[in-house]
Amino acid sequence: MKHRITLTVNGELQDIMVESHQSLLDILRNEVGLTGTKKGCNSGDCGACTVLLNGKAVNSCLVLAAELGGSEILTIEGLLRGRDLHPIQKAFIAHGAIQCGFCSPGMIMAAKALLDLFPIPTEEQAKRAISGNLCRCTGYTKIIEAIMDAHKFGKS
Amino acid sequence: MFSDDVEYSVIGKRVPKADAIYKATGQAKYIEDVFLPGMLHGKILRSPYPHARLLRIDFSRAAKVPGVKAAITSADTTKVKYCQMPISPNKMALADEKVRFIGDEIAAVAAIDEEVAEEAINLIQVEYEILPSVFDPEKAMEADAPQIHADSPNNIAAHFVRTFGDMEKGFREADLILEDRFTCPPVAPCVLEPHGCIAAFDVAGKLTIWTSTQNPYNVQRALAIILKIPLHHVRVLNTTVGGGFGNKSTILSIEPIAAFLSQKTNRPVKILNSRHEEFTTARTRYGMVIYLKTGLKRDGTLTAREAKVITDNGAYNNKGPGITSVTCNRIGNLYRVPNTRTEAFVVYTNNQSGDALRGWGGPQAHFAVESQMDRIAEALELDPVDFRIRNANQSGDVTPWGWQITSCGFIECLQEAAKMVDWRQKRKNRPLGKGIGIAGAIHTGGGSTGTHGKGNYSEVSLKINSDGTVHLTTGDSEIGQGSDTVFAQIIAEELGVAVEDVKVISTDTDITPVGMGTWGSRVTFVGGNAAKGAAEMAKRQLLEMAAEMLEADISDLEIKNRQIHLKGKPQKSLTLSEVAHTCIVKRGKPITSKMTYQPEHTQAPDPQTAYGNYCPAYGFGVQIAEVKVDLETGRVKVERIAAAYDVGKAINPMLIEGQIQGGIAMGMGYALLENLQVEKGKVLNPNFCTYKIVNSTEIPAIKIHLVETIDPYGPFGAKGIGELATIPTAPAIANAIYHATGARIKDLPITPEKILEALKNRREGKQEEMGSRGKA
Amino acid sequence: MGCFEYLEPSSISEALQLLEIYGTKAKLLSGGTDLLVQIRHNDFRPHYLIDLKRIDEMRGRIIDSPLEGMKLSSLTAIFEIETSTEIGIKFPILAEAAGTIGSPQIRNRATLGGNLCRAAPSGDMIPPLLVLDAQVVIQGWSGERCIPLSDFFIGPGKTILRHNEILREIVIPPPPSNGAGIFLKYGLRQTMDLAIAGCAIFLVLDYGNKFPFCQDARIALASVGPTPLRAASAEKALIGKKMSPAVISEVAQWAIQDSCPISDIYGSAWYKRKLVAVLVQQALGQLIKKGYEK
């Protein structure tokens, strides 16, 4: 059985039909056409699929699409304003916090959830906010620096 | 002490990565993000048994599933056995008569979506005759062990002995001899992006394949061989690579399987590995057992070193012999040892195969050598830093193995690292449970010749546009390490343009020059030299044109800040864009150049003895780890790491720091957490929940010092660093744990439980299984 | 992932009706952070997933009343427990345990009821609730029943919940005014890890003498048995005693007796028993210290 759901993705209303078993990750990538959110493990262990659901960071692979009627989703694509990068994105680039980049969208969204609450976070807060986002390239140091420094790159 | 005294405009600057903007915004396209019209999805039926004969495969139920377009077994393929390395290939895309590990490919299905393909796979019925299996490489060599390949008695895939010097004399001269047994487990690459590909045959029989690879030309050659089609019928398009570390330097079975499915269906076929498949079939760093014996004089001079290395080759040949060979030569080459002998056994088991993974045998070798170096220092009551300095390689050395050490900052790295942490003070005054340990490392700073001596070249072609901007195409892959940015910096420096004026294209075998791809920390050195050479050639053409326009002598011209001007007379100048436009548009002379770089000063290793200088440069690095060990639980907290690296010349310090920090995190995992636990061939921890890699809250404070030795052959003096970044971490931590607790763990990973066991054994006065013995 | 049907009842009675109809073919869904992974790994192949999150009567409200202690809806998200001021003040042990679960992403979705019904031997919320003497309210077709949490678990992944019942809420009695609790969890990583061993202790102490006198003690352990468990003999060894170092180490030994760990990929039984003793001693030590600091 298909479910018809209406939800907001990056400020745009989406009216879509979804299968019971489809995850938010699957519909973002396959139905809505937003492939910036990555599928790293499909079991909530790596954080590459992190998006904001009603302002909170979630693993989109562990959220069923069918239950999302009326929800607001923000993905990595939603951070751009025209061609203007979000301060967190600018900070990640300037700090060299990106190598292969596969973890970056999820990392940036997890950071966004933190910075929405604590614009100038401590190192401990930054580390804990991305503790569920695995990265094999950077060793996290530059990511943590970028998150702590993001406030210097403009207003979120 | 070292200095190049040159003012550069972009070399040495912290230039952000060119691709970072795409990756930060989610616009970079990885293989999972590529969708083609009419595309099918492939899934693979994998063996549930570690060793079995295939008696019958029945597709009848699977084929009836609506949406299934093709199902294949080895009978539908060419049955070509392939291996990237020049050793006997024995892996087919789909198993023919036997399966040899849990996860071995048996059959594949292409269907309209992943779920239908999955459903069909579950309906394929296979009859097996289960065979006895073996998982421990030392047991696999025993006479009564099950035979995995008919042509390899005792399951030995390769056996070689390398002797340099006189072992008998070396050990005779020794005052003290130490012996240890070290073990390194198989560890999973854990690239964040799982492997994947899309194969699309067209009506004329030409194949286009999109894949996440470090080496598009390897993929091209492999598929041409396996599919028995000419090379110009295989086009490889590299998608953004979401992590490689060597693990994406050759094909898995998914590429040929997707191609066979596409051939059969005339449609594009996509195969993406699940995370479970990544852990169980996408190959590991080779597990090894290393027996190490060293003889030395009372004053700390090494007289002889002997090693026996046993490598778990897994079920099929891949890079086992090559990587084991590197393990052997690291054992002989990090320090000055006049007499060395290494014997290696590369042994088949019913485990998944191994592969390259950041260090090509180096991490295993260094764990053994650097752990034992600390044991020796202790036995001789020498400071570990002093002892290492005493035996360290130096610039100008030719090792007994024939390596010509050109630039070498090993001693400086040891000294600088010690200085950064106040080594002597901390070494002396440590409360129980806290410790500090050091380890050094040597690794190629620019690839290796390969067995035939000419396997380490890069080619680029460069084009100046009529507005003075630049295109560079290369056969070396950007895999996140930043090679595209480093190339752009090198070209910008040579041509006096801005980094953003240079576009680097490294993605398409139909367009980009032939290259060896990204492995062996080679791209900055070899690819960088090619880029530099091509830029010099283009610069010459620009200067010739400018000389004509300015009516000046070419030798009086300088190129800088997008301008060409007379030396000392900046007012007499032309913009690069004017010059390029005049040359290309008005004169009809395109400005292009092509450069192939192959190091001239390297030779193939001797086929019998392996003697030879096969790396164009050697990088050196030192790490010092400070740890705190909870003596009640055994848990280790790495508090600080100081890293000093001889990088030749830091073209982009920010990227180098990123390599070192990432290498440390991976090395911490190798030291403390990572172990693909396998029971009877079955991986017990095939996910990130149970296979733990280091996450953000484990990261210690890291201090980095770069030593610039300006390598005589490196571009601007640079050497590669990618692999070296991770190699010293595990032994540095092991040595720090010993310093903190007195527990010497020779078996990675160093789990809290092993530490507690070792402490218990010490308390109970149990002897170590192998120890030191003094000589009269 | 298996082909299940997603169902979204809007009342408890509707949910119970669905359970009645579909029986063992149905599974209840709350946060889904474990269940969806289990379904993908083929541990379960339910035909129906009944989502409780649209049921207003079950929404994640925290009900606090000074006399009755606290009632938590089983749908209370872990992050709410972690960050709620009321819980932080009244039952800090619960907030501590909640903060150790998974990642922020997981804590935002996972629920208290889900953690209990998953019935993992390592379930982080279970030991603190056990030492708080929590009860669970189970709603069935014919009414509700209230049972002690300690009777809820019967094995790894198994509870007494019948297929047609819903875990509706968790009731925590008011804590003794002079009591204090602590939760310690030992994993290989500082975050994002399952407990190799976990320990929650709640004590009522009288700080008169050189060593505090233990009026009441409740000790629960995780990951060292088929279910999280109360360490009864350790408790007995502590109640009515002065908490001298000798007593503490004796209690730790009794806790080892109470545990029955198995060897698995996380560690050997030998090692886990060691951890039990260490955690119990550390927890008792820290509780005493906390008490003196007050």
Margin query: Tell me whether Arg275(B) is salt-bridged to Asp45(A), with the criterion being a basic N under 4.0 Å from an acidic carboxylate O.
Written below: no
Check: Salt bridge check: are Glu278(B) and Arg136(A) linked by an N-O gap of less than 4.0 Å?
Finding: no
Rounded at 0.5 Å granularity, tell me how far [atom1] in [X] sits from [atom2] in [Y].
| X | Y | atom1 | atom2 | answer |
| --- | --- | --- | --- | --- |
| Phe245(B) | Cys137(A) | CZ | SG | 3.5 Å |
| Leu192(B) | Met107(A) | CG | CE | 7.5 Å |
| Ile702(B) | Thr141(A) | CD1 | OG1 | 4.0 Å |
| Gln661(B) | Cys135(A) | CD | SG | 10.5 Å |
| Lys142(A) | Leu655(B) | NZ | CG | 9.0 Å |
| Ser696(B) | Asn133(A) | OG | CG | 8.0 Å |

Checklist line | Within 6.0 angstrom of Lys703(B) NZ, more than 12 heavy atoms from elsewhere | finding: no
Check: When you look at CD of Glu31(A), are more than 12 heavy atoms from neighbouring residues, nucleotides or ligands closer to it than 6.0 Å?
Finding: yes
Answer with side chain, backbone, both or neither: which region of [X] has an atom nearer than 4.5 Å to a non-hydrogen atom of chain A?
| X | answer |
| --- | --- |
| Glu32(B) | both |
| Glu698(B) | neither |
| Phe35(B) | side chain |
| Ile699(B) | both |
| Gln659(B) | both |

With chain A, which of [options] has the greatest number of heavy-atom pairs at distances under 4.5 Å?
| options | answer |
| --- | --- |
| Ala725(B), Gly243(B), Cys689(B), Pro16(B) | Cys689(B) |
| Asp19(B), Val191(B), Val241(B) | Val241(B) |
| Gln481(B), Glu674(B), Arg14(B), Glu478(B) | Glu674(B) |
| Ala701(B), Pro189(B), Gly669(B) | Pro189(B) |

List the atom of [X], the atom of [Y], and the distance in Å for their closest heavy-atom pair.
| X | Y | answer |
| --- | --- | --- |
| Tyr30(B) | Phe102(A) | OH-N, 3.2 Å |
| Pro105(A) | Gly26(B) | CG-CA, 4.3 Å |
| Gly139(A) | Ala665(B) | CA-CB, 3.6 Å |
| Val694(B) | Tyr140(A) | O-OH, 2.7 Å |

Margin query: Using heavy-atom distances under 4.5 Å, tell me whether Ile108(A) contacts chain B through its side chain, its backbone, both, or neither.
Written below: side chain
Margin query: Which atoms of Ser43(A) are under 4.5 Å from chain B, going by heavy atoms: the side chain, the backbone, both sets, or neither?
Written below: neither
Note to self: Quick one, Ile693(B) with Leu134(A), criterion side chain to side chain contact (heavy atoms under 4.5 Å, CB included). Give me CA distance, side-chain angles, the key distance, then yes/no.
What the structure shows: CA-CA 8 Å; Ile693(B) 68 171; Leu134(A) 297 178; 4.0 Å; yes
Notebook entry, point to check: Can you find a heavy atom in the side chain of Ile21(B) that is under 4.5 Å from one in the side chain of Leu85(A)?
Noted result: yes
Note to self: Could you tell me if the side chain of Thr35(A) sits less than 4.5 Å from the side chain of Lys29(B), heavy atoms only?
What the structure shows: yes
Note to self: Quick check for you: among Ala126(A), Ser104(A), Gly40(A), Gly36(A), which has the greatest number of heavy-atom pairs under 4.5 Å with chain B?
What the structure shows: Gly40(A)
Checklist line | Interface residues of residues 48-60 of chain A facing chain B - heavy atom cut-off under 4.5 Å | finding: none
Note to self: Strictly less than 4.5 Å between heavy atoms, which residues of residues 90-101 of chain A line up against chain B? Please order them by number.
What the structure shows: Ile93(A), Ala94(A), His95(A), Gly96(A), Ile98(A), Gln99(A), Cys100(A), Gly101(A)
Margin query: Would Lys39(A) and Asp33(B) count as a side chain to side chain contact (heavy atoms under 4.5 Å, CB included) here? Give the steps.
Written below: CA-CA 10 Å; Lys39(A) 188 186 264 190; Asp33(B) 306 327; over 6 Å; no
